[in-house]
Amino acid sequence: MRLLIKNIKGLIQVEEKPKLKVCGRDMSVINIISDAYLLLENGLISDFGTMKDLNRKSAIEQSGKLKAIDASGKFVFPSFCDSHTHLVYADSRETEFTGKIRGLSYEEIAKRGGGILNSARKLHATSEDELYEQSSARVVEIISQGTGAVEIKSGYGLNLEDELKMLRIIKRIRKNFPIEIISTFLGAHAVPGEYKENREKYVDLVINEMIPVVASEELADYIDVFCDKGFFTVEDTERILMAGLKYGLRAKIHANELDFSGGVQTGVKYNALSVDHLERSGDDEFRALLDSDTMPTILPGSAFFLGLPDPPARKMIDAGLPVAMASDYNPGSSPSGNMKLIMSLACIRLKMLPEEAINAVTINSAYAMGISETHGSIARGKVANVFITKEMPSYEFFPYAFGSELIEKVILNGKVV
Ligand code: NIG
Ligand code: FE
């Protein structure tokens, strides 16, 4: 199967020499080919260049079965990589949304049995098939919004059986949809009500009962802990991360959303692939992250939705750090997986340049899933996951027109979906 996209106004995020991630000042640079073509073969990116180059290589258009798409006036981007979501969940939580409007904080809602525990109750009461249907609808939605790779966490089970139910659904989604799926075990997302006075016992359960089964059934690629005020401490997190490492599960952790929790430093200490949220972070956290292989990941959708302080993305980039961005798609703090909107929030609220936002939702978020060798840019040999925009005056128009649907065609594994 060969697909040629021709007359592309701008081919975005092209790499001749692929990088695994982009840091600091380099984040403001993206490579663009104007008046370009892109050739996709057997599910992979096989070639690209200017239309002038294509006219010289007449063999491309003549040989073999070839489908061509004319992209005059349009841009082609690599698909978004959304490195942090909780999109397997049962039912929405808009009653908490109105509670928040009336003045309750995220922590107060959690204390009243809302929040994550509310979703855990709903998930327990929902059959596996029904949960699969609800989650699949969200996957279909994010594919149409340009996402080509997504990480999905468990964490609304909070007991072995329901955590496995979530992870099996993630596995089923991976099998049935053309999007790349990464699975993360988040048994330590919240302390269930029955362990309220006995958090260590729940941590023991995660370590001794859940992790061994999750690992032996090969249901997760990574492990996560919500290391924050009112949830799990640094000590709990260290115990869980050590147990995960014994089973080959590298960490991607929730850190510093609600407090300067020590989560970032803990993540770096255990060589986490990413530390995510970071609304409460400053020089100490940045120092820990510099010279580490851990990707700082911000989730502007949840800071926006919860009215939290914005993550200090500008300071992080100016300090020389890489930044990845993800949607955090979940029913409590970010009920949207729309990565274009995330880019707009980054530009408007965090003062990130459009180029920095593009790097953060493509190559750096691919790194935060451990897939930047195969995803996150237009490079020869990478997976052919791209989208074609509608006609636009410039690529900056994409995050600027924050409410407009600008994606016209989605291509995954070299096929139009
Ligand atoms: O990433 N912070 C912890 N977990 C999710 C929220 C989950 C929920 O409220 O259901 C988050 O924001
Ligand atoms: Fe999250």
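Computed from a prediction, not measured in an experiment: that's the story for all the values here. Note that ligands are numbered from 1 as they come in the structure, with each ligand's atoms numbered from 1 the same way.
The shortest N or O to N or O distance between S119 and ligand 1 is not under 3.5 Å. Remark: ligand 1 and S302 share no N or O pair separated by less than 3.5 Å (distance only, no angle test).
Of all N/O/S atoms in D328, OD1 sits nearest the Fe ion (ligand 2).
Nearest non-hydrogen protein atom to atom 12 (O) of ligand 1 is S333 OG, 2.5 Å. Scanning the protein heavy atoms around atom 2 (N) of ligand 1, the nearest turns out to be E257 OE1, 2.8 Å. Of the protein's heavy atoms, H189 NE2, 2.8 Å lies nearest to atom 4 (N) of ligand 1. Residue, atom and distance of the protein heavy atom nearest to atom 9 (O) of ligand 1 are Y106 OH, 2.7 Å. The protein atom (non-hydrogen) at minimum distance from atom 11 (C) of ligand 1 is D328 OD2, 3.1 Å. Closest protein heavy atom to atom 3 (C) of ligand 1: F226 CE2, 3.3 Å.
Among the atoms of H86, an N, O or S atom is found under 2.8 Å from the Fe ion (ligand 2). Metal site remark for the Fe ion (ligand 2): D276 contributes no N, O or S atom at a distance under 2.8 Å.
Put simply, the residue from H84, K252, R250 that forms a side chain to side chain contact (heavy atoms under 4.5 Å, CB included) with T184 is K252.
A donor-acceptor pair under 3.5 Å is formed between the side chain of K390 and the backbone N or O of E405.
In the vicinity of R93, heavy-atom distances shorter than 4.0 Å reach the ligand 1 atoms 8 (C), 9 (O), 10 (O). Using a 4.0 Å cut-off to heavy atoms of H86, the atoms of ligand 1 that qualify are 1 (O), 4 (N), 5 (C), 11 (C). Listed by atom number, the atoms of ligand 1 under 4.0 Å from H84 heavy atoms are 1 (O). The contact set between ligand 1 and Y156, taken as ligand atoms under 4.0 Å from a residue heavy atom, comprises 7 (C), 8 (C), 10 (O). Listed by atom number, the atoms of ligand 1 under 4.0 Å from I116 heavy atoms are 7 (C), 8 (C), 9 (O), 10 (O).
The six-membered or imidazole ring of F387 lies near that of F77, with a centre-to-centre distance under 6.0 Å. Between F397 and Y400, the ring center distance clears the sub-6.0 Å criterion. Under the 6.0 Å cut-off for aromatic ring centres, Y329 and F305 do not qualify, their centroids lying 6.0 Å or more apart.
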>> Would Y202 and N198 count as a side chain to side chain contact (heavy atoms under 4.5 Å, CB included) here? Give the steps.
In response: CA-CA 7 Å; Y202 182 64; N198 209 348; over 6 Å; no
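For the pair NE2 of H254 and NE2 of H84, the angle whose vertex sits at the Fe ion (ligand 2) is 90° to 10 degrees.
In this structure, the side chains of H189 and L158 come closer than 4.5 Å at one or more pairs of heavy atoms. Proximity of T237 to Y270: side-chain heavy atoms (C-beta onward) are nowhere separated by under 4.5 Å. Looking at heavy atoms from C-beta onward, E238 lies in side-chain contact with K269 at the 4.5 angstrom threshold.
Ion pairing between R199 and D236 holds under the 4.0 Å rule for side-chain N and carboxylate O.
A cation-pi contact, defined as under 6.0 Å to the ring centre and within 45° of the axis, is absent between R172 and F177.
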